[in-house]
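Start at 1 with the first residue, then count along the sequence. Below, all heavy atoms of this structure are taken into account, side chains as well, without hydrogens, waters or symmetry copies.
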Amino acid sequence: AGDTLGGVARKTRETMLLCEAAGYDVIIVETVGVGQSEITVASMVDMFLLLQLPGAGDELQGIKRGVMEIADVIIINKAEGDNRPRAELAGKQYENALHMMAPKSLNWIVPVQLCSALNNEGIEDVWQKVEAFREAMQQSGEFDSKRSKQNSDWMWNLLMDDLKDYFMRDRQIEALLPQVQESVAQGISTPGAAARRLLEAFKKIKY
């Protein structure tokens, strides 16, 4: 991911397109972590699967609300042996938390599924949830409309990233930036005034 926020790399979307062109019909994108700034992956996939471990109480409190709101399916892995009761308790707590949130889609109720990758238990049930989600989204028309919106958002994200790089690589802006940042840090200039100063300097350079 480098210095790219969102839990994915900057070229993750392009990599997904290459995989599709190569004939893969199932592509799994694993994020480097999940936090408030690491949910960009939801804007590039058909389904967001939130993978959790057995635990309750403090561990559940640590889950960012924003992540819960974008999840399409919640999976609790390692639900085997002594972990099973904790996994079941966590599952109930996740279900209760979901009931207090506005539904992400009127055509889908987010399920909480327990499984054990170690013992190969519940994996088939997880895949059935994935298939059921795809079918529900395609029948409702949400599947195509979501992809359409994602493509539009992707275009704007690429444009904004390129504009930022173009701006930051300008030699005169690069020379002016430390002075402006120091002015803001010392309270001499407001962030808004500093941003306008940089933009005005950039416009004079280009026009």
Donor-acceptor contacts, no H, no angles, side chain residues 115-122, under 3.5 Å, sequence neighbours left out:
| unit_1 | atom_1 | unit_2 | atom_2 | d |
| --- | --- | --- | --- | --- |
| S116 | OG | E80 | OE1 | 2.5 |
| S116 | OG | N119 | N | 3.1 |

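- The salt bridge (Lys or Arg N to Asp or Glu O under 4.0 Å) check on R197 picks up nothing, with sequence neighbours excluded.
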Next on the checklist: Pair E200, K203 - check salt bridge (Lys or Arg N to Asp or Glu O under 4.0 Å), show working.
Outcome noted: CA-CA 5 Å; E200 287 300 323; K203 287 165 62 177; 3.5 Å; yes

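- Remark: F167 engages F202 in a ring-ring contact (aromatic ring centres under 6.0 Å, His included) (not counting sequence neighbours).
- Applying the side-chain hydrogen bond (donor to acceptor under 3.5 Å, both in side chains) test to D165 and every residue at least two apart in sequence or in another chain returns R10.
- Judged as a ring-ring contact (aromatic ring centres under 6.0 Å, His included), and not counting sequence neighbours, F143 has no contacts.
- Here side chain to side chain donor-acceptor pair (under 3.5 Å) pairs that include residues 95-114, with residues two or more places apart or in two chains, are D72-K104, S105-E142, N107-E142, Q113-K129.
- Applying the 4.5 Å side-chain rule to ILVMFWY residues, one finds that L106 remains a lone member of its cluster.
- Chaining together hydrophobic side chains whose heavy atoms lie under 4.5 Å apart places L17 alongside W154, L158.
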Item to check | side chain to side chain contact (heavy atoms under 4.5 Å, CB included) between M168 and K164, intermediate numbers included | outcome: CA-CA 6 Å; M168 297 298 292; K164 181 180 178 181; 4.2 Å; yes

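- By the salt bridge (Lys or Arg N to Asp or Glu O under 4.0 Å) test, R84 pairs with E88, sequence neighbours left out.
- Looking at residues two or more places apart in sequence or on another chain, you find a side-chain contact (heavy atoms from CB on, under 4.5 Å) between Q139 and E135.
- Side-chain contact check for S43 and R13: at least one donor-acceptor pair (N or O, by modelled atom type) lies under 3.5 Å.
- Rounded to the nearest 0.5 Å, atoms CE (M47) and CD (E131) are 10.0 Å apart.
- Residues passing the side-chain hydrogen bond (donor to acceptor under 3.5 Å, both in side chains) test with D125, sequence neighbours excluded: none.
- Residues passing the salt bridge (Lys or Arg N to Asp or Glu O under 4.0 Å) test with K149 are D153, sequence neighbours excluded.
- S140 places a side-chain N or O within donor-acceptor distance of the main-chain N or O of A136, the cut-off being under 3.5 Å.
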